[in-house]
Chemist: 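I'd like to ask some things about the structure below.
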Amino acid sequence: MAAWRQAIELAIGEKDLAALGAIARSRTEPASRVERARMLLAYREDPSFFAVAQDMGVHHQTVQRCVERALAYGPMVALGDRPRPGKEPTITAEAKAWVVNLACRKAKELGYPHELWTTRLLARYAREQGPAEGHGCLAKLAQGTLCNILNAQEIKPHKVRYYLERRDPQFKQKMAEVLCVYRQVKLIKEAAAAAKQKPSDAVAIVSYDEKPGIQALATTAPDLPPEPGKHATFARDHEYKRYGTVSLLAGIDLLTGQVHALVKDRHRSCEFIELLRLIDAAYPTHTAIKLILDNHSAHISKETRAWLADQPTGRFEFVFTPKHGSWLNLIEGFFSKLARSVLRHIRVESKQELKDRIMAAMDEFNRHPVVHTWSYKLDQAA
């Protein structure tokens with residue numbers, strides 16, 4: 001007669017017990033891990049293989065093996081499958097390295113019109129060229145197997161992630177100058193808040209830039225409004241008509257949130273000077289106006305320098321962002337807000353209507369001004 005199975009004493013620490021409970025309640029963990037976590041918790045309450053097996057609808061040996069693995073290797077290890085021998089890999093490590101090296105090159109470098117690889121194209125190239133390179137195991141390479149090889153090395157040759165190259169040798173110095181201006185804004189705000197009054201008009205700090213290429217697009221058929229029970233959104237014909245583009249020249253006062261703006265067909269030196277005149281008229285004559293702006297040719301042209309030379313000493317001061325560093329200009333956030341609200345899906349019947357609606361948006365922003373702030377690396381500013 002077979003001997004009775006002896007109950008195994010299973011001790012589970014508080015940390016593992018909490019982890020097992022979380023896994024047992026999880027809806028995202030693999031079903032096998034959830035089931036084994038429940039087995040261990042149930043066995044801890046009632047140390048009987050038969051009782052747990054009957055309660056969970058499995059064989060008692062399944063429960064016994066799970067408990068024995070938990071006792072030998074720990075409860076968390078017992079949740080996973082044991083390693084199986086499986087089939088010997090047919091793709092060698094050298095062949096995988098060759099495929100990964102191939103994925104790190106552009107498809108156009110190997111004679112294809114594609115800029116980047118698709119996994120289907122890369123798998124086909126590996127099948128066609130692999131044997132000639134001494135990797136005969138790639139002759140029947142499947143697209144899914146290729147994806148597994150690339151995923152193991154975290155390579156995604158079909159995607160592009162953008163970065164920003166620092167092209168200005170004086171990038172750090174110029175960035176520090178811009179950050180010092182933002183630091184000055186912060187100190188002025190704090191002083192005004194402590195005195196419970198508005199910031200002094202002795203200085204005005206304006207973040208300025210242009211937003212060119214705003215398209216004036218018109219619909220060729222009427223938009224259909226939403227209808228309850230039929231369609232939830234506006235419906236629009238896919239065709240449109242172009243009326244050209246306009247440029248928005250705008251500066252935002254970092255102390256008051258006031259926006260100074262013009263909408264023009266172009267953004268040359270004459271348009272920039274016109275915006276400077278607008279800013280000049282907006283402040284008292286004793287106010288020192290400090291502008292943060294990029295290195296556009298209109299900002300340093302002969303015409304602009306000549307106009308600035310005719311202004312009172314100390315009236316205007318330009319602080320330039322580093323080359324290829326316009327992201328340091330705070331008004332870019334305002335332009336992003338404008339693009340995501342007013343300009344989103346906008347349709348007009350003429351270029352003039354687009355200009356009028358953009359200027360109406362500026363008036364709306366000025367009725368409810370928002371003071372934009374900068375925080376990135378501000379603590380490092382002198």
Side-chain angles (χ1 to χ4, degrees), residues 1-97 99-104 116-120 122-123 126 137-138 140-163 232 375-376:
M1 174 182 285
W4 289 96
R5 289 180 176 81
Q6 298 294 323
I8 301 175
E9 183 178 352
L10 179 63
I12 302 177
E14 293 296 328
K15 184 177 179 180
D16 288 339
L17 192 62
L20 288 174
I23 295 173
R25 296 187 300 270
S26 175
R27 294 187 178 184
T28 57
E29 287 278 354
S32 60
R33 287 174 57 83
V34 173
E35 183 181 56
R36 288 165 187 163
R38 290 174 179 172
M39 282 183 196
L40 296 178
L41 293 174
Y43 184 83
R44 182 175 177 274
E45 297 297 326
D46 183 7
S48 169
F49 301 137
F50 289 95
V52 174
Q54 186 175 13
D55 183 55
M56 299 195 64
V58 297
H59 197 276
H60 64 84
Q61 290 182 350
T62 303
V63 180
Q64 183 177 351
R65 285 194 295 268
C66 182
V67 173
E68 288 174 349
R69 285 195 65 204
L71 189 63
Y73 305 107
M76 303 310 296
V77 176
L79 302 185
D81 293 329
R82 289 182 177 180
R84 295 178 173 86
K87 184 181 179 181
E88 286 292 330
T90 57
I91 300 179
T92 64
E94 292 78 9
K96 292 179 180 180
V99 169
V100 171
N101 180 66
L102 196 65
C104 293
L116 302 177
W117 292 108
T118 64
T119 54
R120 187 185 301 277
L122 182 56
C137 55
L138 297 176
K140 296 183 179 180
L141 178 67
Q143 183 182 358
T145 305
L146 170 75
C147 292
N148 292 336
I149 294 172
L150 298 180
N151 289 339
Q153 299 298 324
E154 297 184 356
I155 298 293
K156 302 182 188 300
H158 58 290
K159 292 187 176 183
V160 172
R161 182 178 63 85
Y162 289 91
Y163 74 100
S375 58
Y376 176 69

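Just so it is clear, the structure is predicted and the values come from calculations on it, not from any experiment.
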Chemist: Can you check whether I155 reaches C104 side chain to side chain, under 4.5 Å on heavy atoms?
Modeler: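 Side chain of I155 against side chain of C104, heavy atoms only: contact under 4.5 Å found.
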Chemist: Could you give the distance from NZ (K156) to CZ (R161), rounded to the nearest 0.5 Å?
Modeler: 12.5 Å
Chemist: Do the non-hydrogen side-chain atoms of R36 and I23 ever get within less than 4.5 Å of each other?
Modeler: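 The answer is no, as the side chains (C-beta and beyond) never meet within the 4.5 Å cut-off.
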Chemist: Indicate yes or no: at least one non-hydrogen side-chain atom of E35 is less than 4.5 angstrom from one of V58.
Modeler: yes
Chemist: Evaluate M39 against T62 for side-chain contact (heavy atoms from CB on, under 4.5 Å), listing each step before the verdict.
Modeler: CA-CA 9 Å; M39 282 183 196; T62 303; 3.7 Å; yes
Chemist: Taking atom CG of L122 and atom CG of L150, what is their separation to the nearest 0.5 Å?
Modeler: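 With rounding to 0.5 Å, CG (L122) is 6.0 Å from CG (L150).
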Chemist: So among L138, L141, I91, which one has a side-chain contact (heavy atoms from CB on, under 4.5 Å) with L146?
Modeler: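 Per the side-chain contact (heavy atoms from CB on, under 4.5 Å) rule, the option paired with L146 is L141, out of L138, L141, I91.
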Chemist: Does L20 reach the side chain of M76, with side-chain heavy atoms less than 4.5 Å apart?
Modeler: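 Answer yes - side chains close enough.
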Chemist: Checking the side chain of R38 only, and the main-chain atoms of A24 only, is there a donor and an acceptor separated by less than 3.5 Å?
Modeler: yes
Chemist: Distance from R44 atom CZ to D46 atom CG, nearest 0.5 Å?
Modeler: 13.0 Å
Chemist: Could I get the full list of side-chain contact (heavy atoms from CB on, under 4.5 Å) partners for R25, not counting sequence neighbours?
Modeler: A22
Chemist: Give the minimum heavy-atom separation between C137 and A95, together with the two atoms involved.
Modeler: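 Looks like SG-CB, 3.6 Å.
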Chemist: Working to the nearest 0.5 angstrom, can you tell me the gap between L79 CG and S32 OG?
Modeler: 8.5 Å
Chemist: Taking atom CD of Q54 as the centre, does the number of heavy atoms from other residues, nucleotides or ligands within less than 6.0 Å exceed 12?
Modeler: no
Chemist: Output yes when D81 and R69 qualify as a salt bridge under the 4.0 Å nitrogen-oxygen rule, no when they do not.
Modeler: no
Chemist: Measure the spacing between NE2 of H60 and CD of Q64 and express it to the nearest 0.5 Å.
Modeler: 7.5 Å
Chemist: Compare all side-chain heavy atoms of L41 with those of L17 and state whether any distance is below 4.5 angstrom.
Modeler: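 Answer yes - side chains close enough.
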Chemist: Kindly write out the residues that satisfy ring pair (Phe, Tyr, Trp, His ring centres under 6.0 Å) with Y73, not counting sequence neighbours, or none if the list is empty.
Modeler: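 Checked Y73 against ring pair (Phe, Tyr, Trp, His ring centres under 6.0 Å); zero matches.
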Chemist: CE/M56 to OH/Y43 distance, rounded to the nearest 0.5 angstrom?
Modeler: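 Interatomic distance, M56 CE to Y43 OH, rounded to 0.5 Å: 14.5 Å.
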